[in-house]
Visitor: 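Quick one: structure below, then a few questions.
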Amino acid sequence: MYLARGDWYFMVCALVMGVFMAVPYIYAAQQDNYRVAEVWKSRRVHGAYLTDLLCILVFGGAWAGCWFISSRIFWGFLISLFFCIAEVALYVVEDAPKKKKPLRYTKRTVRALIATGLVSAAAVTAAIALINGNVEDEYLRYPVFFGLSLVFPLIFSVTLAVVNVFERMNNRRYERRARRTLSASRDLIRIGITGSYGKTSVKNALAAMLSVRFNVLATPESYNTPMGIAKTARELTEAHDVFIAEMGARRKGDIGRLMRIVRPSHTVLTGVNDQHLGTFGSREAIMREKLKALDVRAEDGACVVNDRLADVPRVAEDKYGNIVLAGGDARSRVHYSDVAVCADGSVFTLWFYGTPIECTTRLLGVHNVENITLAAAMAFRFGISPEEIRDAVAELPPVPHRLQLIEGNGIRIIDDTFNSNPDGARRALEVLGLFSGRKVVVTPGMVELGGAEQAENVGLGRMLADVADVVMLIGGKRARAVETGLKDARFTGETRKYDSLRDAEEDFKNVLHVGDVLLLLNDLPDCYDD
């Protein structure tokens with residue numbers, strides 16, 4: 001085994017190929033915290049690999065055809081060079097179309113790309129050294145690039161698995177630092193918000209209410225992972241009185257891990273449904289994980305819980321005597337009543353331990369009244385008066401992509417693309433029903449519902465049949481399930497089917513008219529193989 005002069009060519013080409021070829025793979029992994037398993041589910045990865053096989057077939061045929069040419073070494077060099085150029089170009093083109101959720105070139109992403117490129121170069125270098133020591137014909141060295149493309153999914157998966165070990169160690173370091181930062185001030189009020197839905201809306205509403213009297217730092221947007229919380233904690237200063245952390249969970253242990261980082265003195269549990277049933281495995285597993293938010297034992301620590309969960313044993317027993325029920329039940333300490341909803345928002349009454357106050361909000365739907373009530377129950381706990389809460393509620397802006405109303409060229413658009421669960425879909429359709437005009441719904445269906453996914457999407461189709469005039473379905477198996485529901489409900493409107501969101505958007509000019517209401521429901525990331 002040895003390397004000959006000029007073998008740097010193979011190393012450089014393999015390095016460049018490895019980096020560019022890794023882009024769709026790392027994109028797929030990024031959708032779920034860089035899990036290797038997500039790579040094998042990705043439709044983009046499947047398409048990229050099929051393109052690789054086609055390139056191997058074409059250029060491999062050209063290489064074989066030059067076997068009998070006297071100047072085949074020269075032609076082998078050209079064929080391998082153009083193969084590398086073609087592979088890089090194809091991956092650049094593949095990444096060119098606008099994605100719903102583009103790849104974020106974080107430091108972790110860049111490290112994974114570089115590592116993959118280096119491993120690719122090392123694999124090709126080892127193969128070339130082996131060939132040099134055992135084969136006299138230099139022409140047999142050039143197909144090594146074909147082999148790289150052929151086994152690249154395995155190379156990437158192994159590389160990412162190894163890199164993830166070091167990334168987890170690095171993440172733990174940031175988490176420990178965040179825990180120390182949050183624990184450093186005994187006077188800091190730490191509030192954790194979790195649940196299957198409504199977390200961001202409750203967080204934003206609570207931050208607005210508490211800001212009346214406190215200096216509040218809240219995790220931005222949907223930063224609800226350990227690294228998202230750790231990143232936000234770096235902004236904490238002595239001037240802050242309150243830290244609000246949104247805490248998300250897709251798998252067993254996620255909430256426990258976040259609770260150890262934040263160590264909240266108070267928590268809010270917004271509700272529990274089948275969101276992420278596919279990754280948890282059962283409704284019971286979801287419930288057990290979410291209920292970990294009730295393990296708050298700090299002095300005067302409160303757990304505001306949606307009164308829909310009042311009959312859950314863990315809630316009903318109130319182990320630490322700190323649970324405050326809030327929601328639509330008149331028996332709850334903080335509840336709402338007399339809700340009047342319309343296309344411009346809602347008017348309702350908030351009750352604080354028997355004292356009513358009239359409120360208005362620009363947020364759409366009864367479920368947002370429920371979210372506001374949960375936030376109000378916690379804010380009231382910290383001395384924010386009902387009048388101050390009322391004023392804050394009136395100024396609450398819509399949360400992007402969560403029933404966000406957008407006016408555009410005579411068409412009203414309801415952007416609910418962030419939600420992807422049965423309760424969210426039901427509420428979105430209730431809001432759509434408040435509007436006048438022809439109603440158009442774009443949806444790919446719902447995901448991560450485990451064994452209930454087919455039935456839930458059929459149910460979504462039945463609900464659509466009661467509200468929509470036009471349904472634009474995107475994708476394969478989930479869209480087919482929604483279509484089955486539409487047929488079961490004898491839908492009399494128009495159904496259109498598309499392979500991708502891009503195709504549907506291009507058809508908007510033929511479907512939408514002035515005065516229509518367009519609901520964008522449950523937009524799925526590109527990674528789902530549908």
Side-chain angles (χ1 to χ4, degrees), residues 196-197 271-278 283 308 328 339 341-343 364-368 370 401-405 411-501 503-505 507-508 510-513 515-524 528 530:
S196 297
Y197 51 84
V272 178
N273 65 14
D274 290 342
Q275 177 79 313
H276 302 313
L277 181 62
R283 180 71 175 269
R308 295 173 185 266
V339 182
V341 297
C342 66
L364 301 175
V366 176
H367 69 286
N368 269 318
E370 183 174 272
H401 312 303
R402 296 169 176 83
L403 289 179
Q404 179 185 12
L405 182 62
I411 297 171
R412 287 169 292 182
I413 302 171
I414 304 174
D415 181 356
D416 198 43
T417 52
F418 190 87
N419 289 314
S420 184
N421 65 79
D423 286 337
R426 188 176 300 108
R427 290 163 174 172
L429 293 176
E430 288 173 357
V431 169
L432 180 63
L434 301 173
F435 287 78
S436 59
R438 197 174 66 130
K439 301 173 180 63
V440 181
V441 180
V442 179
T443 184
M446 299 175 288
V447 298
E448 292 189 358
L449 298 177
E453 187 171 283
Q454 174 76 11
E456 290 290 358
N457 278 308
V458 171
L460 173 60
R462 295 188 183 119
M463 290 189 292
L464 285 168
D466 293 333
V467 181
D469 298 299
V470 180
V471 177
M472 304 173 72
L473 298 174
I474 301 169
K477 63 180 181 180
R478 299 175 186 89
R480 287 191 292 272
V482 176
E483 186 179 19
T484 298
L486 289 169
K487 291 178 180 177
D488 289 348
R490 301 180 185 277
F491 179 55
T492 57
E494 182 180 2
T495 303
R496 292 175 173 242
K497 292 178 283 187
Y498 307 89
D499 291 332
S500 68
L501 176 62
D503 294 337
E505 290 173 339
D507 200 31
F508 280 167
N510 301 316
V511 177
L512 299 176
H513 309 295
D516 287 352
V517 183
L518 173 65
L519 171 62
L520 303 175
L521 181 65
N522 300 347
D523 189 15
L524 302 182
Y528 285 99
D530 196 293

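Throughout, residue positions are numbered sequentially from 1 according to the sequence presented.
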Visitor: Can you name the side-chain hydrogen bond (donor to acceptor under 3.5 Å, both in side chains) partners of T484, sequence neighbours left out?
Guide: none
Visitor: Nearest 0.5 Å, please: how far is CG in L512 from CD1 in I411?
Guide: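 Result: 4.5 Å between the selected atoms.
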Visitor: Which heavy-atom pair separates F491 from V471 by the least distance, and what is that distance?
Guide: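 Looking at all heavy atoms of both residues, the shortest contact is CZ-CG2, 3.9 Å.
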Visitor: Under 3.5 Å, which donor-acceptor pairs link side chains of residues 424-435 to any protein atom two or more places apart or in another chain?
Guide:
| residue | atom | partner | partner atom | Å |
| --- | --- | --- | --- | --- |
| R426 | NH1 | D423 | OD1 | 2.9 |
| R427 | NH2 | E370 | OE2 | 3.4 |

Visitor: For a quick test of reading the model, state the closest non-hydrogen atom pair linking T443 to L460 and the distance between them.
Guide: OG1-CD2, 4.2 Å
Visitor: Might you point out which heavy atoms bring M446 and P422 nearest each other, and give the distance in Å?
Guide: SD-N, 3.5 Å
Visitor: Write out all pairs satisfying salt bridge (charged side-chain N to carboxylate O under 4.0 Å, His left out) with one or both partners inside residues 451-468, taking only residues at least two apart or from two chains.
Guide: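 Found E453-R478, R462-D488.
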Visitor: How close do L486 and G461 get, heavy atom to heavy atom, and via which atoms?
Guide: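 Minimum heavy-atom separation between L486 and G461: CD2-O, 3.2 Å.
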Visitor: Please identify which of these residues, L519, I413, L521, L518, meets the side chain to side chain contact (heavy atoms under 4.5 Å, CB included) condition with V442.
Guide: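 Of all the options given, the one that passes is L518.
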Visitor: Could you list the residues that satisfy side-chain hydrogen bond (donor to acceptor under 3.5 Å, both in side chains) with D415, not counting sequence neighbours?
Guide: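 Residues passing side-chain hydrogen bond (donor to acceptor under 3.5 Å, both in side chains) with D415: H401, T417.
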Visitor: My understanding is that only residues two or more places apart in sequence, or in another chain, count here; which of them pass side-chain hydrogen bond (donor to acceptor under 3.5 Å, both in side chains) with Q404?
Guide: none
Visitor: Go through the structure and list residues passing side chain to side chain contact (heavy atoms under 4.5 Å, CB included) with V511, not counting sequence neighbours.
Guide: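 Partners of V511 by the side chain to side chain contact (heavy atoms under 4.5 Å, CB included) criterion, ordered by chain and then number, come out as R438, V440, V470, M472, R496, Y498, D507.
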Visitor: So does K439 get a backbone contact from the side chain of D469, meaning a donor-acceptor N/O pair under 3.5 Å?
Guide: yes
Visitor: List in chain and number order the residues that pass side chain to side chain contact (heavy atoms under 4.5 Å, CB included) with N368, two or more places apart in sequence or in another chain; answer none if no residue qualifies.
Guide: S201, L363, N371
Visitor: Just how far is it from atom CZ of R412 to atom CD1 of I414, taken to the nearest 0.5 Å?
Guide: 8.0 Å
Visitor: Does E483 have any side chain to side chain contact (heavy atoms under 4.5 Å, CB included) partners at least two apart in sequence or in another chain, and if so, which?
Guide: L473, K487, K497
Visitor: What pair of heavy atoms forms the shortest contact from A481 to N457, and how long is it?
Guide: CB-CB, 3.6 Å
